[in-house]
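Notes follow once the structure below has been shown.
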Protein chains: 2
Amino acid sequence: MNLAPLDRESVIPLYYQIRERLLEQIRAGVFKPGQSLPSEQEIAEHFAVSRMTGRQALKSLRDLGVTYSVRGKGTFVSAIKLEKDFRQVTSFTEEMKARGIRPKSKVLFFEVVKADEETMNALQLKTRESVVSLRRIRFANTSPVGIEWSRIPQRICPDLLKTLDPQASLYETLAQRYGIKMAIADEIVEAGLARGEEAGLLGIAAKTPVFLFTRISYLQSGEAIEFVKSVYRGDRYKIVNRLTRLKA
Amino acid sequence: MNLAPLDRESVIPLYYQIRERLLEQIRAGVFKPGQSLPSEQEIAEHFAVSRMTGRQALKSLRDLGVTYSVRGKGTFVSAIKLEKDFRQVTSFTEEMKARGIRPKSKVLFFEVVKADEETMNALQLKTRESVVSLRRIRFANTSPVGIEWSRIPQRICPDLLKTLDPQASLYETLAQRYGIKMAIADEIVEAGLARGEEAGLLGIAAKTPVFLFTRISYLQSGEAIEFVKSVYRGDRYKIVNRLTRLKA
DNA sequence: GAGTGGTCTAGACCACTTT
DNA sequence: AAGTGGTCTAGACCACTCG
């Protein structure tokens, strides 16, 4: 074990500093998949912290899915890849960047409107309140891959029409200017065929296979924030998912 | 707060008992979304445990996604639904049952064969070892919805050909007889059109939209256990996903 | 029997929010 | 000032695995 000492003056918690040092060495291949990490006791001694603190560091690595522990044996590095190109609660922009692709957008519609029935239902709105409606064509490296239509209650982002650069990431703007962070999104994916208008906008023949997405995004509190309907080209877009077991 | 006392003789950990009691009351609506749960201190006093134990109970609820905590304010019930009809690392059988649908299967092929290139690659096999190859038509309430083709190294389930009832859940058999529990699965979903043989087996016209799944399932250790290629009817099957933020 | 992770205690100080 | 969750300590006993 060869790990740099902790900064006891830092505001960063000790367990977090330990976690980062271990993570670094896992990524660097010092601890390889299948191998065991230092035990809780060893970590406690090496960093001169209590065993509970060392344990918390190992626990947080488990929560990341990087390691797993077996009672009586130890904590081991998982061989499961950490890659980030799985779909998460992210915008198109973030997803494309994670895949090393340059995202671009063309705005078709960007206005404040009264919520329709479907939107009221999806966002759990009690009144027909105002929502920001944004419809964009999405490009990956200059070729069109999908059409996205987002609706967000105006109340939570009052001047979005002025502040959003439609080329930029909607999610980034919401996070930076309004402190809104999506925690979870539920989505339904259907397989269908491109219809006339869509096919035209996407530059494909009608009846080409497409994905139809219906997504609702939530804050950690459970408040519904965004309702999105999208159409993506089946010939240029693949869904990459990581499925996990439910904890309970 | 009105929570039954703990069983101090039980082998079930105290924090887990507390967690279950809180979960029960959340499900029963005693604690409603948006409302706060008892504080760590209150839990410690009420159950006569240390604050750390009460804290662990609340922490485990957060890990489930049922609640969230705000420093200085408290722990609150999330309004996000707990429903289990999201896709997880589950078999067709489990997924259908969770949706209240009767699953059925018809076996097309069930034999031990030498792994082909694609399977060797997917399952990280170093030699052309034997794999159990199982191809089935999947029915939901008597109508065909998909075709699944699984391959599993024979070495990890030596006599599967004899022990598996092809009507039963493959995953259940693997778990019960061989102690194999899938922890994670990575999948790619593509949109396509049904081809001749598939269309026939699924009872649909050629060129109907279909989902094409390619999935690899892993143990927690990262060992690849199952390689599956599937075709599902786009007109009768929808993908229901829950996306989350990566922890790191 | 030695080593491991899992649970638990009874304190402590801190940063933060609310009153 | 009082209450909250976040971190940390220095112990303890337990169940489990392995040689």
Side-chain angles (χ1 to χ4, degrees), chain A residues 1 5-22 31 34-78 179 183 220-221 247, chain B residues 1 5-22 31 34-78 179 183 220-221 247:
Chain A
M1 184 161 33
L6 304 178
D7 178 359
R8 318 281 305 198
E9 311 303 319
S10 167
V11 292
I12 298 169
L14 299 178
Y15 84 88
Y16 193 87
Q17 293 185 44
I18 298 171
R19 170 192 129 150
E20 289 306 297
R21 280 159 179 67
L22 290 170
F31 300 112
Q35 289 184 350
S36 71
L37 289 182
S39 72
E40 298 175 352
Q41 190 53 249
E42 285 169 343
I43 288 175
E45 285 166 12
H46 181 271
F47 290 110
V49 296
S50 75
R51 192 194 135 201
M52 284 301 281
T53 298
R55 175 175 170 72
Q56 192 178 0
L58 287 176
K59 171 75 161 62
S60 77
L61 283 177
R62 285 198 294 279
D63 290 346
L64 289 179
V66 176
T67 63
Y68 62 100
S69 298
V70 182
R71 168 120 100 184
K73 294 184 73 172
T75 298
F76 304 88
V77 181
S78 168
Q220 210 152 21
S221 67
K247 302 87 177 178
Chain B
M1 183 162 32
L6 303 178
D7 178 358
R8 318 281 305 199
E9 311 304 318
S10 168
V11 293
I12 299 168
L14 299 178
Y15 84 89
Y16 194 88
Q17 294 184 43
I18 297 172
R19 170 193 130 150
E20 290 306 297
R21 280 160 179 68
L22 291 170
F31 300 112
Q35 289 184 349
S36 71
L37 288 182
S39 71
E40 297 175 351
Q41 192 54 242
E42 285 170 344
I43 288 175
E45 285 166 12
H46 181 270
F47 289 110
V49 296
S50 75
R51 194 196 132 200
M52 284 301 281
T53 299
R55 175 175 172 73
Q56 193 177 1
L58 287 175
K59 171 76 161 62
S60 77
L61 283 177
R62 285 199 294 277
D63 290 346
L64 288 178
V66 175
T67 63
Y68 62 100
S69 298
V70 183
R71 168 120 100 184
K73 294 183 74 172
T75 298
F76 304 88
V77 181
S78 168
Q220 209 152 20
S221 67
K247 303 86 177 180

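Values reported hereafter were calculated over all heavy atoms of this structure, with side chains retained and with hydrogens, waters and symmetry mates removed. First the proteins, then the strands, lettered A, B, ... as listed; each starts at 1.
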Requested in this report: Rounded to the nearest angstrom, tell me the gap between atom CD in B:Glu40 and atom P in D:dT4.
Outcome: 9 Å
Report summary line: Residue pairs passing the ring-ring contact (aromatic ring centres under 6.0 Å, His included) test with at least one member in residues 47-75 of chain B, sequence neighbours excluded, are B:Tyr68-B:Phe76
**Report entry** Residue met sooner reading DNA chain D from 5', once B:Thr75 and A:Arg8 are mapped to nucleotides
**Finding:** B:Thr75
Query raised in the report: Quick one: how far along DNA chain C does chain B reach, first to last nucleotide 5' to 3', anything under 4.0 Å to a heavy atom?
Result: C:dT7 to C:dT18
**Report entry** Stepwise side chain to side chain contact (heavy atoms under 4.5 Å, CB included) test for B:Leu58 and B:Leu22
**Finding:** CA-CA 9 Å; B:Leu58 287 175; B:Leu22 291 170; 4.1 Å; yes
Query - Angle by which the axis turns from one end of the helix from C:dG1-D:dC18 to C:dT18-D:dA1 to the other, five pairs per end, to 10 degrees - result: 10°
Query raised in the report: Do A:Asp63 and B:Lys59 sit within salt-bridge range, that is, some charged N less than 4.0 Å from a carboxylate O?
Result: yes
Query raised in the report: Does A:Lys73 put a side-chain nitrogen or oxygen below 4.0 Å from OP1 or OP2 of D:dC18?
Result: yes
Report task. Decide yes or no for A:Ser10 and A:Gln17: does some side-chain heavy atom of the first lie under 4.5 Å from some side-chain heavy atom of the second? Result -> yes
Report task. Report the residues that fulfil side chain to side chain donor-acceptor pair (under 3.5 Å) with B:Thr75, sequence neighbours left out, ordered by chain and then residue number. Result -> B:Ser69
Query raised in the report: Which sits closer to the 5' end of DNA chain D, A:Gly54 or A:Gly72, going by the nucleotide each is nearest to?
Result: A:Gly54
Report task. Taking side chain to side chain contact (heavy atoms under 4.5 Å, CB included) as the test, write out the residues that go with B:Glu20, two or more places apart. Result -> B:Tyr16, B:Leu23
Query raised in the report: Taking it one step at a time, do A:Leu37 and A:Thr67 satisfy side chain to side chain contact (heavy atoms under 4.5 Å, CB included)?
Result: CA-CA 9 Å; A:Leu37 289 182; A:Thr67 63; 3.7 Å; yes
Report summary line: Sorted by chain and residue number, the salt bridge (Lys or Arg N to Asp or Glu O under 4.0 Å) partners of A:Arg55 (sequence neighbours excluded) come out as A:Glu40
